[in-house]
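Counting starts at 1 for both ligands and their atoms, following the listed order. The figures here come from the full heavy-atom set of this structure, side chains too, leaving out hydrogens, waters and symmetry mates.
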Amino acid sequence: MATTHKIVCPHDCPDTCVATVEVENGRAVKIGGDPDHPFTQGFLCAKVNQYLDRVYSKDRILHPLKRAGKKGEGKFEQISWDEALETIAANFKRVIAEYGPQSILPYSYAGNSGMIHYGSLDRRFFATLGASELERTICASAGFEGYKAVMGATIGFDPEKVENAKLIVAWGANIISSNVHFWPFVEAAKRKGARLIVIDPYRSKTAEKADWHIAPLPGTDGALAYAIMNVLFRDGLTDEEYISKYTVGVEGLKERALGWTPQKAAVETGLTVEIIEKLAREYGTTRPSAIRINYGLNRAAGGGNAVRIITCLPALVGDWRHVGGGIQLSSSGTYPAQVAALTRPDMIRPGTRTLNMTALGDALRPGLEPPVKALYVYNSNPAAIAPDQNAVRSGLGREDLFVAVHELFKTDTVDWADIVLPATTVLEHTDILKSYGHLYLAINQPAIAPLGECRSNAQVFRQLAEKMGLTDARLFESDEALMEQAFNWSHPRLQGINIERLKRETTVRLNVPAEWAPFAHGNFPTASGKCEFYSETEKAAGRDPLPNYVRPREGPVSNPKLAKTYPLAFISPPAHHFLNSTFSAQPVFMRREGGEPALTIHPDDARARGIVDGQMVRTFNDRGEFLAKAHVSDGARPGVVVGLSVWWAKLCPGGRNANAVTGQALTDLGNGATFYDVLVDVARHDGAAPSA
Ligand SMILES: Nc1nc2c(c(=O)[nH]1)N[C@H]1C(S)=C(S)[C@@H](COP(=O)(O)OP(=O)(O)OC[C@H]3O[C@@H](n4cnc5c(=O)[nH]c(N)nc54)[C@H](O)[C@@H]3O)O[C@H]1N2
Ligand SMILES: Nc1nc2c(c(=O)[nH]1)N[C@H]1C(S)=C(S)[C@@H](COP(=O)(O)OP(=O)(O)OC[C@H]3O[C@@H](n4cnc5c(=O)[nH]c(N)nc54)[C@H](O)[C@@H]3O)O[C@H]1N2
Ligand SMILES: [Mo]
């Protein structure tokens, strides 16, 4: 007999969709969108539409494995759970005895974004051992810090209300690929006459649909935003009443903005003065405007400040007065989450070191004191997604490093594992989820029993704790108990919402008004309660109290010396049919992405290198190289090459992907990754000289 269940997509995407799953005789047979979910509106993305192929894939890992070949070879034999857990515990104990607990390093990110399986018992377990802490900043931390410096928390306009906007600016945001359920709301606005401007060095799927596509050099958005402000102040386009009532520090901001004339910004951004003037006038004279800023522009040296500068704009023009106006980076700050109650940072031993996940290559290098001797990976595929891939691979290949990986598939990282543990999909476990792109809270309940011997993250950490002989009750709490701890249920935004109701209804909108203009009357969650152009909090932390443009580390304008050798800026944003490196080994999605990695290069840059469309090219710099098929197109602006990502390295020609050329350097704020701050050159793969 068929039953219908609802599940909640746990992937690292702002949309956090609800899907319906039909189950017959214990097997899921159909998946579809949930028409009752107001943000998802009954459709799923291209990837999750095919989710049952993932769940029931013949490639899924269904049993614990141990290495049966050389490290990196990917040869394994099946073992029991008991042997797998015993081996991990024995290695952890050995490492602790020989080198101390900080020689153990957990490595995880948001492969599963649910609150329980993203971070709860895992954090408590490693803290109890005294393992090195991991700074999880590979994605969003620069932008997050930049936004918070101005706004106090990541709260923005209600995405469902964006149809009120007369102008929508997608800034470093490829909505159609990475936030597709927001797109119908953009279209609704467009039908009512709104214009869409996309600011992106690459003509993304969203830029193709824009009324106007502006293509600056990567990492220069802060200069562009300051030049917009320059025109706003110069031409009297600011909302003086809103500014005086609800903001602090306009004088200092204005002084900096006046230094950024459109002329100066044109040189920095590679745009013309006319484009900048026109953009500024259009933004300055269209109310309300809605800026959908996203993480695409936070992956450069100045990513934090870029977001910080842009985030000042809506308050200058008074857009927060309007429902659907303002800016949105992430909605995550709207939820009264109690992350500390889940992860228990109070359990971390004082003095424990923190290693940055972006600099995994450095963390695994021999000679670090104390050395990393045991690595436990879950929810992540660092051999594919971490920058400076050659450094990461050298580290993972160290004979003296014990590696355990909890995964669903034989990823690049699994190839380096000594022990592999099989993980459940969202159809097989329980979780509670917030979103970073809308305002609904959701509970996921299993629709089917775990396949094979698969176990959830939380389940494995309970069992590892037991194997390690630990007895602290906080390491063994149930999923149910963790769900209760995940939120402050007495917060006004959760009024009328509890776990029982969520289990019944799957998803509930936070208790915010249907017509919500969060900052129409100030009430910013900052120290001053105002929008902070000038931040005492930043100053107290030893940083610039005002936003400050930080140039790309590897830009053609900002670093002419390096650009002499490597003249092209390289970005590797998300491919439409992949989600980071998830889905990237599913044949149907590989096919839809062209079967193999592509590098989009402007006809002028191709011609100068004797490169023709469809031929294999080498993209390289001092850190490494990867191969891809040239896609000669003006979809990439001159001076910029684009390799949509993240492919599994082992499935790429040459065995390396885009991260062979990206670096471990960190951003200005938030210690984030700088994936899109990279200079390279490109050459025909037949061995011809790099430049003509
Ligand atoms: N289909 C799909 N969806 C995804 C993902 C995926 O891999 N695939 N990944 C998920 C994750 S983890 C995240 S963090 C989000 C990421 O999604 P977004 O936050 O939208 O970020 P990106 O896709 O990295 O970049 C968006 C756009 O910014 C452009 N860009 C790159 N550098 C710059 C720059 O310096 N300035 C400007 N203005 N634009 C720039 C890129 O060309 C890209 O088109 O998407 C999530 N959703
Ligand atoms: N060149 C380049 N590199 C990038 C980016 C880019 O734009 N360009 N984007 C960066 C960004 S924004 C991000 S967020 C990172 C993302 O990097 P990661 O967080 O590593 O994300 P994925 O590559 O999707 O890998 C997640 C893995 O977790 C596994 N997984 C899923 N659910 C579970 C579970 O419940 N338990 C366990 N144990 N495993 C599970 C999946 O099978 C998958 O292999 O990549 C970054 N890397
Ligand atoms: Mo991300």
State the atoms of ligand 1, each with its element, that fall below the 4.0 Å cut-off from a heavy-atom position in [X].
X	value
Pro201	30 (N), 33 (C), 37 (C), 39 (N), 40 (C)
Ser177	1 (N), 2 (C), 3 (N)
Ser204	44 (O)

Does Pro216, backbone or side chain, put an N or O under 3.5 Å from an N or O of ligand 1?
no
Of the listed options Ile138, Ile175, Asp200, closest to atom 27 (C) of ligand 1 (non-hydrogen atoms):
Asp200
Nearest heavy atom to atom 11 (C) of ligand 2 wins, so pick from Asn580, Thr358, Asn657.
Asn580
Do Asn356 and Thr137 have side-chain atoms, one donor and one acceptor, less than 3.5 Å apart?
yes
Is a side-chain donor-acceptor pair under 3.5 Å present for Ser108 with Arg136?
yes
Between Tyr51 and His11, is the ring centroid distance below 6.0 Å?
yes
Provide the number and element of each atom of ligand 2 under 4.0 Å from a heavy atom of Arg54.
41 (C), 42 (O)
List ligand 2 atoms under 4.0 Å from His406, heavy atoms only on the residue side.
37 (C), 38 (N), 39 (N)
Does at least one non-hydrogen atom of His11 fall below 4.0 angstrom from an atom of ligand 2?
no
Tell me, please: is Tyr295 in heavy-atom contact with ligand 2, that is, under 4.0 Å?
no
So, Thr220 side chain and Leu217 main chain: donor-acceptor pair closer than 3.5 Å or not?
yes
